[in-house]
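In what follows, chains are A, B, ... by sequence order, proteins preceding strands, each numbered from 1.
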Amino acid sequence: MYPIVLLSVLGIVTLFIGFSKSKNILLPAVLLFLAVALAGNFFEWNKGPLLYFYDMFRVDNLTLAFNGIVLISAFMIVAISGGFQDNAEAEPAEYYSLMLFSLVGAIMMVGFEHLIMLFIGVEILSVAMYVLTGSNKRNLRSNEAALKYFLMGAFATGIMLFGMTLLYGATGSFNLSAIQAYVSTTQQAVPSYLLYAGLLLLMIGMLFKVSAAPFHFWTPDVYEGAPTIFTTFMSTIVKTAGFAALYRLLSHSFTGIYDFWWLVVAIIAILTLMVGNIGATTQNSFKRMMAYSGISHAGYLLIALTALSKPTQNAIVFYSLAYSLSTIAAFGILMLVSKQRSFEGQPDERYDAFNGLAKENPFLAFVLTVAMLSLAGIPLTAGFWGKFMVFSSAAERGIIWIPAIAVLMSTVGIYYYFRVIIASYLKEGDIAKIRVAPFYQFVLVLATLLTILFGLAPGLLEGLF
Amino acid sequence: MLTLLLILLPLVAGVITLLVGANLAKQVALVGALAELGLAIFVWSQFDPAAGVQFGFKYNWLASAGISFAAGIDGISLVLVLLTAFLTPLIILSTFSHTYKNSAAFYSLILFMSAALVGVFMATDAFVFYLFFEAALIPVYFLAAVWGGENRLKVTLKFFIYTMFGSLFMLVALIYLYYQTPGTHTSEITAFYNLQLSAKSQGFVFWAFFVAFAIKMPLFPFHTWQPDTYTESPTPATMLLSGIMLKMGVYGLIRLLLPIVPLGLESWGMLAVILSVIGIIYGSIIAIQQHDMKRLIAYSSFAHVGLMAAGVFAASPNGLQGAIIQMLAHGINVVGLFFVIDIILSRTKTRSLDQLGGITQVAPQLSVYFLIILLGSVALPLTNGFVGEFLLLSSVFAFNSWLGAIAGLTIILGSVYMLRLFQMSMFGPRSKWVEGFQDLTFNEKAVLLPLVIMVLWIGIYPNTFLSISEPAVNQLLQLVAK
């Protein structure tokens, strides 16, 4: 609960710092705010479960763990944003405060106990993201992306809200526990189709946010059009929060009708995996590939959700963390490299932009390689254990055909992730030595070290929540 | 503790190699590899064949899930650990006349690779096995992709995706088996041995394992990555791939497939043996037609591994013992052959048999070493190839006499392509490419001599090595018969 209050207040403070003449204190201030929020978050560790705001918000260790991932990701993303100093038209204070506000939305999604809280969280998160997507005002693609994201997002939220009203109609409550009670008693005796319809519509809204197929069509364009730093934000924080919300919704309230929804989620998971992985193979732009890769990772997380067995909770937390770390590292390198060359008047974001990276910048190439290996799920990286836990949760439920298909798809994944490694190590290119700011370097080192650490000792996080 | 040391030593040596930089990299790497060999021999001296799994090491990895980092050595493991420890310093030494760009990375990758290989052979936990099985792929991928020939990018990516594809199926099978274990699940391989699975699910697991290991070895029809990868890789990587990494597949068959799914073997073993025998004949016939020496050896390796697999699938004591001694022999021979080809290539700048000829006249020493290793590969009595091939063929023959007879053609076909290789390169009129050919240097002799000694040692007194693995093999076969 503390981070919600802290971030709301500090977001406004950030706006005011923007009025001051000294732009240089902005970045350290925001980092400090995030660190404070992170500390505040873990202040409630092991004290839960607690309920706040008239039982609308729930704090337990799982909430705090997801919040931790969201806040650490945000910290790293802000650190590599570098205060937007290389862009004269940027409004750093506004961007940062929007980021802080959207974090409030994300945290509400993570800990909601009441459907209205979920709705508010999704809206706070999304509205801030619509603005940030279009923040590159003079760039047509950025404008297009913002409009597309907003229109599609608005529809999705509408559908989600419709689903909530149907659920309310069926159960008479927005409260998760009340819905759970209804599902496990009345629903078993007299099945209400209103409830089924409501659940499906609500899930469609949420699946849109995490870009699961067939609700993914906005993703590549929006990811590509948005400034890379906000793409990173979208692909890590929005996804983590979305999955935390889906997990809470399904595991808390709807286990009673598991037989009804599991196949729906399973089919969507398979579809998402196929669209994501096969779509990624045909891309020439690294950023678009990462968008499709984001879709495919949503597919893996959906497998864990489908199974909803004992390892699922661990799997989702671990996978989100591993995915976020690697994605931040990958986009971090892209931001450095794309500035070196331009392609069709834009920063070069194709695979070719990485050609010959390893020659003058072995450190950056190594960070990128670890990130790609982790995303591809190669052993001794965090990504491998993420996939392992996901497959385990399906196997625990006794569903083997889903991991079998997922395995095929992750072989496809190796193809496009390795294209990046091949470009940076094995292709000829002339990238001069890139100077990396200390903060930036810190984030890259941290992401890489954590990826390897969790790859070697995946047990570090278990049993905590 | 010794097992952990065997894995850590090459890792640490690899890191040190990386740190000392290009000037000293070779020497440091060689010292590291020799230290590993010394350690392996020490382990051998402490080893008691009758005592089962020894030098066990266990560290709780994912405690709540019952997954631990567990390793230990039994007779089968020890033979392969010895092979790895023996070949790695020779492979490093064989590169001394070359200068590779970025050599610190090159040598450290070789050492990382050998750490992963040793790990595979000693793992007693299924997931640790899987982890090392995959981890071995990464160094060799980079070795081949960075230092390889012209088409390396395409070829190595195909190799990587192909092998990864297979092993992911193994991962699914392992996770499935893990959830079949009683109580709070465990992933110890011995726990998998005691599962009572239905014949149907054993069939699925059988194929998941089969695909993983068949791609790695490779068996027909999963071999299409192999000739290109062997040809395009730099020679040390080819040696690692064919000399040691291929054995991971055979080892996997022995360690996982046979004892875990005996019923699967019962229903599908025939098909597996038939595929292996097809591979033997198919590989040999293609090898006869090759003009590129490296490709010829690649196909011969494909044929040899087919015979090993056939012996393993026949699941008799002779078959397993034959496969194990043949793994040892094949590793030694193929490394020797690739090294000789590398020597010829570096002096004449060609690998084509059409352009070579008459090397015996200029390099008598080379031709003697070459001949001995080559005869080992042809399986002449009193050389190392004979023991394994004899045991393997007798087991395939006992399994099915028709298949045994067909597999027996390997002896004829093998001598055809090998002697053709020797005749076209060494005898005949001296070709213009061979002018100024220098005989062996001291370094080269230092590589070839140990190999030749091993060829003769195993050929004359195979019992040194057969006795190491015999109790372990018998124990394993009891599980299959169960």
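With a 4.5 Å cut-off on side-chain heavy atoms, A:I400 and B:Y179 do not count as touching.
Of the atoms belonging to B:Y141, it is side-chain heavy atoms, and not backbone ones, that fall under 4.5 Å from chain A. Contacts between B:I161 and chain A at a heavy-atom distance below 4.5 Å involve backbone atoms as well as side-chain atoms. At a 4.5 Å heavy-atom cutoff, B:F204 makes no contact with chain A through either its backbone or its side chain. Contacts between B:I138 and chain A at a heavy-atom distance below 4.5 Å involve the side chain alone, from C-beta outward. Interface remark: A:K310 contributes no atoms to any contact with chain B (heavy atom separation under 4.5 Å). A:S309 does not touch chain B: none of its heavy atoms, backbone or side chain, sits under 4.5 Å away. Looking at A:F388, the atoms closer than 4.5 Å to chain B (heavy atoms on both sides) sit in the backbone and in the side chain alike.
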After noting the C-alpha distance and the side-chain angles of A:T369 and B:F142, does the key distance pass the side-chain contact (heavy atoms from CB on, under 4.5 Å) rule?
CA-CA 12 Å; A:T369 304; B:F142 278 104; 4.3 Å; yes
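Interface summary for chain A: among B:Y178, B:F160, B:F133, the most heavy-atom pairs under 4.5 angstrom belong to B:F160.
Sparse packing is recorded around CH2 of B:W268, with 12 or fewer heavy atoms of other residues, nucleotides or ligands lying under 6.0 Å away.
The heavy-atom pair separating A:V407 from B:F169 by the smallest distance is CG1-N, 4.0 Å. Across all their heavy atoms, B:V172 and A:P403 have their closest contact at CG2-O, 4.1 Å. Between B:M164 and A:T411 the shortest heavy-atom distance is C-CG2, 4.3 Å. Taking every heavy atom of both residues into account, A:S392 and B:I175 meet most closely at CA-CG2, 3.8 Å.
Contacts from residues 417-425 of chain A to chain B, taken as heavy-atom pairs separated by less than 4.5 Å, involve A:F418, A:I421, A:I422, A:Y425 in sequence order. Scanning residues 101-132 of chain B against chain A with a 4.5 Å non-hydrogen threshold yields B:F127, B:Y130, B:L131, sorted by number.
Annotation: the span from B:L157 atom CG to A:I414 atom CD1 amounts to 9.0 Å, rounded to 0.5 Å.
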